[in-house]
Structures are given as C-alpha cells and as structure tokens.
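Lettering follows sequence order; numbering is per chain, from 1. If you're wondering where the values come from, they're calculated on a predicted model, not measured in any experiment.
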Number of protein chains: 2
Amino acid sequence: MTTSHKVTSVHIAGACRGRLGILGLEERRNREKERRRETILKAARRDFMKKGFKAVTVDAIAQRAQLSKGAIYLYFKSKEEIYAQVLIRDIEKFHDHVADIFHGGDSASEVLTRFARIYTDFFLNERELFRILMAFMVQPNPLNISEQINDHIIRNTNKTIGIIERIFQYGIEKGEFPGCRNIRQCRNALWGLLNGIIALHLFTGREETREERIRSTISGGLDVFLRGLTTNQETDSKS
Amino acid sequence: MTTSHKVTSVHIAGACRGRLGILGLEERRNREKERRRETILKAARRDFMKKGFKAVTVDAIAQRAQLSKGAIYLYFKSKEEIYAQVLIRDIEKFHDHVADIFHGGDSASEVLTRFARIYTDFFLNERELFRILMAFMVQPNPLNISEQINDHIIRNTNKTIGIIERIFQYGIEKGEFPGCRNIRQCRNALWGLLNGIIALHLFTGREETREERIRSTISGGLDVFLRGLTTNQETDSKS
DNA sequence: GTCACTTTATGACTAGTGGTCAATTCGTAC
DNA sequence: GTACGAATTGACCACTAGTCATAAAGTGAC
C-alpha cells in the first residue's frame, strides 16, 4: 500500500522523527478507520432502506462490506448504532436543502410555504427515512446507541424546528403573523402538522395516490393554518 | 379422524339429548376458548404497555397467563397478532369517549376543541398506546398479522378520522367554517396536527413539563387552525 | 530479514428468541 | 374403566445479536 513509503519519509525527519512518526501513523489509522466506517454505513444503508431495521442481519451488512461480523463490532457498538448513524447522515442532507430558505423580500407566508414544500419533497424522496425517524421518536425503549449519537439525532431534529421558529420570528417581526401569539406553540404545531399528515398518509390508502394526497393535504392544511396566522380576529364560534 | 367422531355423534343422535349435549359442550368449549384468549390478552397487555413490543417474550406472556408457550399459539397466530389484538381493544375504548361528542347547540369550534381535548387526554393516559399505534403506522415491514386484524386497526383509525370529518361537516353546514375549502384535507390536517404534536413532545424535553407542553401546544395550534377555519379572507401567500 | 509488539480481523460460539410438534394429559360419553 | 378427541406441554428447531480466543497483518528497531 501507500503505507511503506510514507513511513520511510517520516523516518528521515530527524529529531522529532519518532514523535511525528507516531502521530502520522495514528492519523493515518484514524483515516483508515473512518473509511471503514463509511464502507459499513454505505453497505448498511442500502439494506436498511430496502428492508427496514429488523429484516437486515449484521451478517448481511458484514458480507456486503466485505468484513467479518466481528469486525463490524470494532466500528460500531450495536446494530442499532449503525442504523442511527445512517439516519444522522441522512438528516444532515436535509439541512442542505433548507439552508437558503430565506430569499430577500419574501413574505413569511411564502417562506413557510416553501419550507413545507421542501420538507414534503425531501421525505417523499426519502420515505424510509421518514418512517425510521418517526419510529425512532416513538420507540418505547431507548435504542442501544451511545448517548452521543442519541444527542446528535435530537440536536438535528431541534435544528429543523429551529428553522421553523426563525420563520415565525420573521413573520412576527414583519407584522405578518398577528395570529401567532406564541412562537413555540406555533412552531411545534406546524412541525406536528407536517409530520402528522405525512405519517397518516404513509399508513392509509393506495400507493398510487399517496404522493398527491400528501401534497394536497399539506397544501390545504397549511392554507388554513396560514389564514389563522395572518388574521387577528378572535376565534369566535358564532358568525 | 374427523370422520370417526362425526359418525359417533351421529350414532348417539337418535335421542335429542345426545345432540343437545354435544352442542352444549361445543358452546362451552368456545366460551372457554374465548376466556383463555382474554386471559392471554390481559397478561400480554400489562407487559406490552410496560416494556414495548420487542422486550416482551412469548414465554413471559405464557407464564403470566399460566399456560405453556405452545398453548399461546393455539389461540394466536403470532406474538404480533397478540400485540395487534391488544391494540384493537384499546382503540375501541377511545370511541366510547367520543361517542357523545356532539352536544345539541354547540358550535363546531366547541365540538372540535372538545374532541381535541378528549383525544389528548385519552393518549396522555395511554401514552404507551399512542407510541405503539404510531410505531404500528410507521412500521417499514407489515407485521405478521392476519389481513383481518390489520384491516380492523385501519378501520378503527378511519373511524376516528370519520368523527373529525363529521365535525367539519357540521361546521360547514352551520356556515361556521368558511375557511375549510376541502373537508378531507382539513380533517387529515387536523388529525396530523394532533398526532404530530403529541409525538414531538413524547420525544423531546423533560417529563415533568411534558403534559403541560402538549396541552398548551395543542391549544395554541388549534387556536390558529380554528381562526383559519372561521375566517374567509384570502391568504396573501403565493405558491 | 527477523523479532517483539500493537492493531485489526476472524468465525466459532453463546445466549436468547419466536415458533413447532410429537408426546402426554384431560374431559367427556358410554 | 375405557375409548377418544381436544387441549396442553415443553423439548426442540431455526435464527440472529453480540462475544472472544485466536490468528493475521501492520509497524518499528535492530
């Protein structure tokens, strides 16, 4: 491999040689380790997305990654941790999509509508990811994953919710959302609205019409919600 | 096999007594069977609600029901079927709570608010049921349960959604919900709103504040939604 | 090259699970 | 008490997550 000649070059380096040599080695080893982790994650993702968590065996992942089962456990604590890592990487992809959600001069309604569309589009293209994330949220027993990874997933979810919050902030500052009396509540309600609608439609009805139903329900629901946000009138039952 | 005993029973059938006797026996056996099923479900529910699906073993259920493992499989096709049956019975309990949701003279807003409160209360008291139902909806692989039971769960979910639909219908007929342009969309959006909010809060934050956060978010979110329903003004967002 | 040492990899193995089935017990009718 | 089908048992099977003693590969000093 590239290993031998690199070691040689460090070898000539003089006084600091030994120390640098060790650091260089460790560095390379870490890179190698990272590369292996990537390989395993890539192999795992393919199967997880196709078959779901339970139906994928660690042996299968190992085989696809061209490693033994034991080796898998050198890089990950558990099957669930592999799964969680796959999720993390995918969630992060979402944030690329909404990074530039604020266009100058747009109304808050437009931004919120755009966010909803991006959110919907993303999860329509990554349906299994949606299922998995919801399942993760709703797990009765904490997954056997490191605190670190658990925190990471939660932090990413919060990041998404934070984007929604900024949109509401913007709408309130512009005086466009007088109907939003409490940002936290509105933010969580909207997030719930989006996820709840997607979840419902993943479960019910025929596949052929699913995408259309999700889009139209989100569009219709958001419409009502926006009307509530942009109106200041009291909710009054009589008319 | 079946031939012989049938012959026997016919053999005795000359007297009415024998025939009635056999029918009475079968009837009693069916009752016994039903009682056993109940026993198993009750035993299973306790553990499922406490530990979730995976962490409960069939052996444990058997032990609690004072039966052998083999016997369990005389009454249920699989562990998942037991689980599903437990769900069904609990979902049906919910419908008792909303059976008399329509009080004469109430506004649609009031009815919808009441529904939301009942829904929230029910699942705050049955959090594990909520988790389980969401997990069921979001399962990547269909559970190994009979079509019949799967249909039953879906039918019950639809029944709940049907109640929401009736409320919207009522609001539109009363002219109270001019903001509801499409019943199906509004109905699904509201259902998504409720579930999404509950799910989000089951996942995030500290336990001590959870109930309060769920209630206030649903209250706030419903407030905005209702304002959108009762208002007829156009939303100024472009799409 | 070779030796000592460290890191990485292996796969047989363990433990624990859902589900099965031949053997056994039980209930009933005569 | 005997015949017989239905109910019940628990040893057993198949499968899989995770472990660990052992082996292989990598590394550096001489």
Side-chain angles (χ1 to χ4, degrees), chain A residues 1-13 17-26 28-30 32-33 35-37 39-40 44 51 53-63 65-83 143-145, chain B residues 1-15 17-33 35-37 39-40 44 51 53-63 65-83 143-145:
Chain A
M1 286 182 161
T2 49
T3 7
S4 58
H5 66 72
K6 190 158 194 186
V7 167
T8 318
S9 65
V10 169
H11 196 49
I12 336 164
R17 170 174 49 162
R19 218 172 160 186
L20 282 174
I22 284 162
L23 284 175
L25 173 62
E26 260 178 28
R28 192 180 71 234
R29 276 198 174 134
N30 286 339
E32 274 293 310
K33 200 156 181 163
R35 235 173 39 79
R36 275 262 190 277
R37 284 178 59 92
T39 309
I40 294 168
K51 306 188 200 169
F53 177 75
K54 194 187 159 189
V56 178
T57 67
V58 177
D59 278 299
I61 295 171
Q63 197 169 352
Q66 306 206 62
L67 280 170
S68 67
K69 179 152 73 169
I72 299 288
Y73 286 91
L74 292 175
Y75 296 97
F76 297 95
K77 184 183 162 201
S78 66
K79 182 183 163 187
E80 282 163 329
E81 179 140 341
I82 302 174
Y83 191 64
L143 293 178
N144 177 25
I145 55 179
Chain B
M1 305 164 108
T2 43
T3 347
S4 61
H5 80 71
K6 194 156 191 186
V7 167
T8 317
S9 65
V10 167
H11 193 53
I12 329 157
R17 183 170 47 97
R19 215 172 164 185
L20 282 173
I22 282 157
L23 284 175
L25 174 62
E26 259 176 29
E27 197 182 311
R28 194 176 69 237
R29 274 192 179 138
N30 285 339
R31 263 205 303 277
E32 275 293 308
K33 200 154 184 166
R35 235 172 41 79
R36 277 258 189 278
R37 284 178 61 92
T39 308
I40 294 168
K51 307 190 202 168
F53 177 74
K54 192 187 159 188
V56 177
T57 66
V58 177
D59 278 299
I61 295 171
Q63 198 169 351
Q66 307 205 62
L67 280 171
S68 69
K69 179 152 73 168
I72 299 289
Y73 286 90
L74 292 173
Y75 297 97
F76 297 94
K77 184 185 161 200
S78 67
K79 180 183 165 188
E80 283 163 329
E81 178 139 340
I82 302 174
Y83 189 65
L143 294 177
N144 174 26
I145 54 179

Using a 4.5 Å cut-off on heavy atoms from C-beta on, say whether the side chain of R36(A) contacts that of L67(A).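 Yes, close enough: below the 4.5 Å cut-off.
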Are any non-hydrogen side-chain atoms of Y83(A) and V56(A) less than 4.5 angstrom apart?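 Result no, sub-4.5 Å side-chain heavy-atom pair not found.
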Just how far, in rounded Å, is [atom2] of [N] from [atom1] of [X]?
| X | N | atom1 | atom2 | answer |
| --- | --- | --- | --- | --- |
| E32(A) | dT6(C) | CD | C1' | 16 Å |
| L74(B) | dT24(C) | CG | P | 18 Å |
| R29(A) | dA9(C) | CZ | C1' | 14 Å |
| I82(A) | dA17(D) | CD1 | C1' | 11 Å |
| D59(A) | dC13(C) | CG | P | 15 Å |
| N30(B) | dA7(D) | CG | P | 9 Å |
| I72(B) | dA7(D) | CD1 | P | 15 Å |
| I145(A) | dG18(D) | CD1 | P | 12 Å |

Could you please name the option among dG18(C), dT10(C), dT9(D) that lies closest to any side-chain atom of V58(B)?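 Output: dG18(C).
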What nucleotide among dT9(D), dA17(D), dT17(C) has an atom nearest to a side-chain atom of K69(A)?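 Closest nucleotide among those given: dA17(D).
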Within less than 4.0 Å of OP1 or OP2 of dT8(D), is there a side-chain N or O belonging to R36(B)?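 Yes, within the criterion.
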For Y73(B) and dC21(C), is the shortest distance between a side-chain N/O and OP1 or OP2 below 4.0 Å?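 Checking dC21(C) against Y73(B), no side-chain N or O comes under 4.0 Å of OP1 or OP2.
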Evaluate the criterion salt bridge (charged side-chain N to carboxylate O under 4.0 Å, His left out) for residue pair E32(B) and R35(B); output intermediate values, then yes/no. CA-CA 5 Å; E32(B) 275 293 308; R35(B) 235 172 41 79; 3.6 Å; yes
For A65(B) versus T39(B), what's the shortest heavy-atom pair and its separation?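 Answer, listing the atom of A65(B) first, then T39(B): O-CG2, 4.2 Å.
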With a 4.0 Å cut-off on heavy atoms, is Y75(B) in touch with a base, just the backbone sugar-phosphate, or nothing at all?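 Contact class for Y75(B): sugar-phosphate only.
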With a non-hydrogen cut-off below 4.0 angstrom, is L67(A) in contact with a base, only sugar-phosphate, or nothing?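 Sugar-phosphate: the residue L67(A), judged by heavy atoms under 4.0 Å, touches backbone atoms but no base.
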Which residue, A71(A) or T57(A), contacts DNA chain D at a nucleotide closer to its 5' end, judged by nearest heavy atom?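 Its nucleotide being nearer the 5' end, the pick is T57(A).
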Give a yes or no on whether the backbone of F53(B) and the side-chain of K79(B) come within a donor-acceptor separation of less than 3.5 Å.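 Yes: the side chain of K79(B) pairs with the backbone of F53(B).
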Confirm from the modelled atom types if K79(A) and dG18(D) form a donor-acceptor pair under 3.5 Å, side chain to base only.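 No, the side chain and the base share no sub-3.5 Å donor-acceptor pair.
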